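Here's the structure we're looking at; comments come further down.
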Amino acid sequence: MSQTFRQPEILEIARRNGKVTVEGLASHFGVTLQTIRRDLTDLADAGRLERVHGGAVLPSGTTNIGYEERRTLNPEAKAAIARACAARIPDDISLFLNIGTSTEAVAQELTHHRNLMVVTNNMNVANILVANPECEIFVTGGNLRRSDGGLVGNLASETIRQFKFDLAVIGCSALDREGDLLDFDIQEVGVSQAIIRQSRRTFLVADHSKFTRSAPARIASLAAIDSFFTDRPLPADLAASCAGWGTEVVVA
């Protein structure tokens with residue numbers, strides 16, 4: 001396969017997995033390690049990837065991946081995470097679901113739950129849950145972000161402060177080695193912080209690609225999360241931190 005065809009596929013693998021390795025790509029394409037190193041150097045020089053020891057990762061930045069692209073990343077992992085999370089959500093509770101493709105996957109798994117009161121700042125979540133007649137739906141006000149159907153800003157936060165939720169399910173754009181949840185939109189960060197404050201318990205849903213991404217704004221620490229649903233084991237140091245904080249980690 002020529003360089004012209006390899007490099008777009010390398011980027012797609014990086015978007016799907018969060019990182020690529022020289023050895024893994026060489027085996028995948030049936031080419032030499034040197035060939036892959038040149039490809040990764042070219043992609044890094046173009047700003048498409050960042051080189052790390054043994055491979056490359058998606059570049060850090062201040063702009064999130066587009067919503068439609070995020071919807072196609074790791075769909076099997078998100079579905080498994082959503083099933084595990086939804087299995088731990090009881091009937092007869094008040095629940096908040098925030099912005100993100102992973103929380104939308106959770107909403108898909110709640111269509112047969114009974115007697116739920118769901119508040120959301122995600123128009124897509126509201127539309128999904130319309131299919132459940134046993135679910136009362138409240139949508140916060142706020143500034144509509146056309147790119148992903150999210151409602152953000154002071155009005156959204158003020159609406160959230162009128163409630164005390166039994167449980168919240170939130171997502172994030174990135175998760176660093178210190179256990180901090182990160183995002184790109186400072187308005188969304190403020191809303192997420194309000195959700196955590198107003199919830200008796202908080203679940204985080206995030207697939208493994210979030211471990212290798214970076215974003216500039218801090219939401220909270222995993223110490224503030226009761227249960228973290230993901231698809232791969234955490235790095236040993238982060239797993240130890242979660243154990244110390246009392247944050248349950250569920251690997252779907």
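Everything numeric here is computed off the predicted structure, so don't read it as measured data.
With hydrogens and angles disregarded, a donor-acceptor distance shorter than 3.5 Å links the side chain of Thr230 to the backbone of Ala206. Using a distance-only test at 3.5 Å, with no hydrogens or angles considered, a donor-acceptor pair links the side chain of Asp231 to the main chain of His208. No donor-acceptor pair closer than 3.5 Å links the side chain of Glu12 to the backbone N or O of Pro8. Of the possible donor and acceptor atoms, none in the side chain of Gln198 sits under 3.5 Å from a partner among the backbone N and O of Lys164. The backbone N or O of Pro90 sits nowhere less than 3.5 Å from a side-chain atom of His113 that would complete a donor-acceptor pair. For the pair Asn115 (side chain) and Asp92 (backbone), a donor-acceptor distance under 3.5 Å is absent. Formation of a donor-acceptor pair under 3.5 Å by the Asn122 side chain with backbone atoms of Leu97 is not found in this model. Judged by distance alone, with hydrogens and angles left aside, the side-chain atoms of Ser241 form a donor-acceptor pair with the main-chain N or O of Asp237 at under 3.5 Å. The closest donor-acceptor contact from the side chain of Thr35 to the backbone of Val31 lies at 3.5 Å or more, if one exists at all. Checking side-chain atoms of Asn124 against main-chain N and O of Asp148 turns up a donor-acceptor pair under 3.5 Å.
Under the 3.5 Å distance criterion, with hydrogens and angles disregarded, a donor-acceptor pair is assigned to the side chains of Asp166 and Ser94. For Lys210 and Ser173, the side-chain atoms include no donor-acceptor pair closer than 3.5 Å. Between the side chains of Ser199 and Thr202, no donor-acceptor pair is found at a separation under 3.5 Å.
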One pair to check against side chain to side chain contact (heavy atoms under 4.5 Å, CB included): Leu151 and Asn143. What are the steps and the verdict? CA-CA 5 Å; Leu151 293 161; Asn143 301 328; over 6 Å; no
Dump the intermediate steps for side chain to side chain contact (heavy atoms under 4.5 Å, CB included) on Phe228 and Leu175, then the final yes or no. CA-CA 11 Å; Phe228 174 23; Leu175 181 67; 3.7 Å; yes
Please assess Val152 against Leu144 for the test side chain to side chain contact (heavy atoms under 4.5 Å, CB included), listing each intermediate value before the final yes or no. CA-CA 7 Å; Val152 296; Leu144 175 63; over 6 Å; no
Show the numbers, then the answer: is there a side chain to side chain contact (heavy atoms under 4.5 Å, CB included) between Val250 and Ile81? CA-CA 9 Å; Val250 180; Ile81 291 166; over 6 Å; no
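Here OG1 of Thr103 is found 14.5 Å from CZ of Phe203. Values are rounded to the nearest 0.5 Å. Here CD1 of Ile195 is found 5.0 Å from CG of Asn121. Values are rounded to the nearest 0.5 Å. Atom-to-atom distance recorded for Leu238:CG and Asp176:CG is 8.5 Å, nearest 0.5 angstrom. Here CG of Asn132 is found 11.5 Å from CD of Gln108. Values are rounded to the nearest 0.5 Å. The line from CD of Glu9 to NE2 of His28 is 3.5 Å long, rounded to the nearest 0.5 Å. Rounded to the nearest 0.5 Å, atoms CZ (Arg6) and CZ (Arg38) are 8.0 Å apart.
Leu129 and Met117 are assigned to two separate hydrophobic clusters, defined by single-linkage of ILVMFWY side chains at heavy-atom distances under 4.5 Å. By the criterion of side-chain heavy atoms lying less than 4.5 angstrom apart, applied directly or through intervening Ile, Leu, Val, Met, Phe, Trp or Tyr residues, Phe29 is grouped together with Val20 in one hydrophobic cluster. Hydrophobic clustering, with ILVMFWY side chains joined whenever heavy atoms are under 4.5 angstrom apart, keeps Val125 apart from Ile170. Note on Leu222 and Val189: same hydrophobic cluster, where clusters join Ile, Leu, Val, Met, Phe, Trp and Tyr whose side-chain heavy atoms are under 4.5 Å apart, directly or indirectly. Linking Ile, Leu, Val, Met, Phe, Trp and Tyr residues whenever their side-chain heavy atoms come within less than 4.5 Å places Val191 and Phe163 in a single cluster.
Scored by the side-chain hydrogen bond (donor to acceptor under 3.5 Å, both in side chains) test, Ser221 finds no partners at all (sequence neighbours excluded).
Looking at Val251 and Phe229, their side chains never come closer than 4.5 Å, going by heavy atoms from C-beta outward. The closest side-chain heavy-atom distance from Asp39 to Leu25 is not below 4.5 Å. The shortest distance between side-chain heavy atoms of Glu134 and His112 does not fall below 4.5 Å. Residues Ile160 and Phe96 meet the side-chain proximity criterion, which asks for heavy atoms closer than 4.5 Å. Put simply, the side chain of Arg218 does not reach to within 4.5 Å of the side chain of Leu181, judged on heavy atoms. No side-chain heavy atom of Glu136 sits less than 4.5 Å from a side-chain heavy atom of Leu116. Two residues are said to be in side-chain contact when any heavy atoms from C-beta on lie closer than 4.5 Å; Cys85 and Val169 meet this criterion. Counting heavy atoms from C-beta on, the side chains of Val119 and Thr140 come closer than 4.5 Å.
Using a 4.0 Å cut-off between charged nitrogen and carboxylate oxygen, Glu248 and Arg88 count as a salt-bridge pair. Using a 4.0 Å cut-off between charged side-chain N and carboxylate O, Arg145 and Asp185 make a salt bridge.
For Asn98 against Gly171, the heavy-atom pair with the smallest separation is OD1-N, 3.1 Å. The two residues Ala252 and Ala84 make their nearest non-hydrogen contact at CB-CB, 4.1 Å. Here the closest non-hydrogen pair linking Cys135 and Val118 is SG-CG2, 3.5 Å. Counting all heavy atoms, side chain and backbone alike, Trp245 lies closest to Gly179 at CH2-CA, 4.3 Å.
Hydrophobic side-chain contacts under 4.5 Å tie Leu155 to no other Ile, Leu, Val, Met, Phe, Trp or Tyr residue. Other members of a hydrophobic cluster containing Leu182 are absent, since no ILVMFWY side chain comes under 4.5 Å of it, directly or through relayed contacts.
For CZ of Arg200, the number of neighbouring non-hydrogen atoms (other residues, nucleotides, ligands) closer than 6.0 Å is greater than 12.
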